[in-house]
Amino acid sequence: MRKKIVAGNWKMNKNFQQAEELLSEISEQVKTKATSDVTVVVCPSFVFVEMALDLCRDEKEQDIFAVGAQDVSVHDKGAYTGEVSAEMLKSMEAEYCIVGHSERRKYHNETNADVAQKVEMLLQNELNPIVCVGESLEERESGKLFDVIKTQINEGLFGLQPVDFLHVVIAYEPVWAIGTGKTATSEQAQEIHKYIRSLIEDKYGKEIARNISILYGGSCTPQTAPELFSQPDIDGGLIGGASLKAEDFLAIINSFEK
Ligand code: PGA
């Protein structure tokens with residue numbers, strides 16, 4: 001059966017001391033209070049990945065906690081100043097990496113072809129990509145919603161062989177809901193999650209479609225998470241703002257129906 005996952009995307013927030021404090025709080029709470037069948041992933045800035053892994057080694061060993069990055073290079077190595085490779089992340093024992101976040105697509109012109117290449121790099125290094133897809137408000141309102149999602153999935157992911165595709169996590173993040181306080185309704189989210197699963201089924205078959213975790217992201221809070229996570233095709237969340245407070249993040253982790 002597919003995994004339930006709650007991943008925190010810290011974006012470009014926290015300095016070293018603040019990151020350390022938040023991680024200590026999260027690991028303490030996860031250890032003592034979190035529902036144990038949920039995989040918790042924290043994706044801090046690259047520069048804090050090592051600290052996160054050190055601080056949460058016990059929880060990582062118990063398989064309830066993992067550390068991820070927020071991006072990765074399309075290249076494997078070489079003269080690419082400022083870039084971080086999948087092999088570097090692997091050698092630090094990171095396990096996940098967000099790819100194709102709408103902020104990368106918008107501010108760094110990341111294309112579906114880049115997403116496909118990054119996913120390839122991560123899988124070659126045995127990291128799990130968390131691949132973000134989602135439409136803008138304009139695309140939703142002009143009726144292009146399903147086409148946009150289909151193209152992102154097709155071009156970003158469907159070049160993969162089935163054995164590789166099994167390691168992918170998908171995050172549906174409507175761009176209009178990210179950081180805006182406007183969460184998609186559980187019906188709106190479920191409709192797209194179901195659609196994404198149907199695309200996977202058409203391409204890779206029922207069994208694989210059933211085993212892929214699809215997360216929701218976009219202003220997800222302790223208030224909205226329980227209804228979202230109760231939907232049949234929503235397997236957790238990619239959490240931005242609310243992952244920066246240990247209490248809220250834990251409440252979201254514990255939002256699955258018992
Ligand atoms: P948000 O961000 O929860 O702050 O809307 C989610 C994301 O961008 O991954």
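Order of listing sets the numbers, starting from 1, for every ligand and every atom in it. The residues of the chain are indexed from 1 along the displayed sequence. Computed over heavy atoms, backbone and side chain alike; hydrogens, waters and symmetry mates excluded.
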Looking only at the side chains, is there a donor atom on one of [X] and [Y] sitting less than 3.5 Å from an acceptor on the other?
{"X": "D233", "Y": "Q190", "answer": "yes"}
{"X": "D114", "Y": "T111", "answer": "yes"}
{"X": "E138", "Y": "W176", "answer": "no"}
{"X": "H101", "Y": "Q70", "answer": "no"}

- Task: Could you name the option among G237, S102, S219 that has the heavy atom nearest to atom 1 (P) of ligand 1?
- Result: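 Ranked by closest heavy atom to atom 1 (P) of ligand 1, first place is S219.
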Under 6.0 Å from the [atom1] atom of [X], do we count more than 12 heavy atoms belonging to anything else shown?
{"X": "E83", "atom1": "CD", "value": "yes"}
{"X": "Q231", "atom1": "CD", "value": "yes"}
{"X": "E21", "atom1": "CD", "value": "no"}

- Under a 4.0 Å N-O cut-off, is there an ion pair linking K11 with E103? yes
Is there a nitrogen or oxygen of [X] sitting under 3.5 Å from a nitrogen or oxygen of ligand 1?
{"X": "T180", "answer": "no"}
{"X": "E103", "answer": "no"}
{"X": "A242", "answer": "no"}
{"X": "G240", "answer": "yes"}

Give the atom numbers and elements of ligand 1 that come within less than 4.0 Å of a heavy atom of [X].
{"X": "G179", "result": "1 (P), 4 (O), 5 (O)"}
{"X": "K11", "result": "2 (O), 7 (C), 8 (O)"}
{"X": "G241", "result": "1 (P), 3 (O), 4 (O)"}
{"X": "G218", "result": "5 (O)"}
{"X": "H101", "result": "7 (C), 8 (O), 9 (O)"}
{"X": "E173", "result": "6 (C), 7 (C), 8 (O), 9 (O)"}
{"X": "L238", "result": "6 (C), 9 (O)"}
{"X": "A177", "result": "5 (O)"}

- Note on the structure: Honestly, for I178 the part within reach of ligand 1 (heavy atoms, under 4.0 Å) is both
- Task: Classify the ring geometry between F165 and Y204 as parallel (under 30°), tilted (30 to 60°) or perpendicular (over 60°).
- Result: parallel
- Determine, using heavy atoms of G217 and all atoms of ligand 1, whether some pair is separated by less than 4.0 Å. no
- Within the distance-only criterion (no hydrogens, no angle test), does the side chain of S213 pair as donor or acceptor with the backbone N or O of K3 below 3.5 angstrom?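 Yes, because the side chain of S213 sits within donor-acceptor range (under 3.5 Å) of the backbone of K3.
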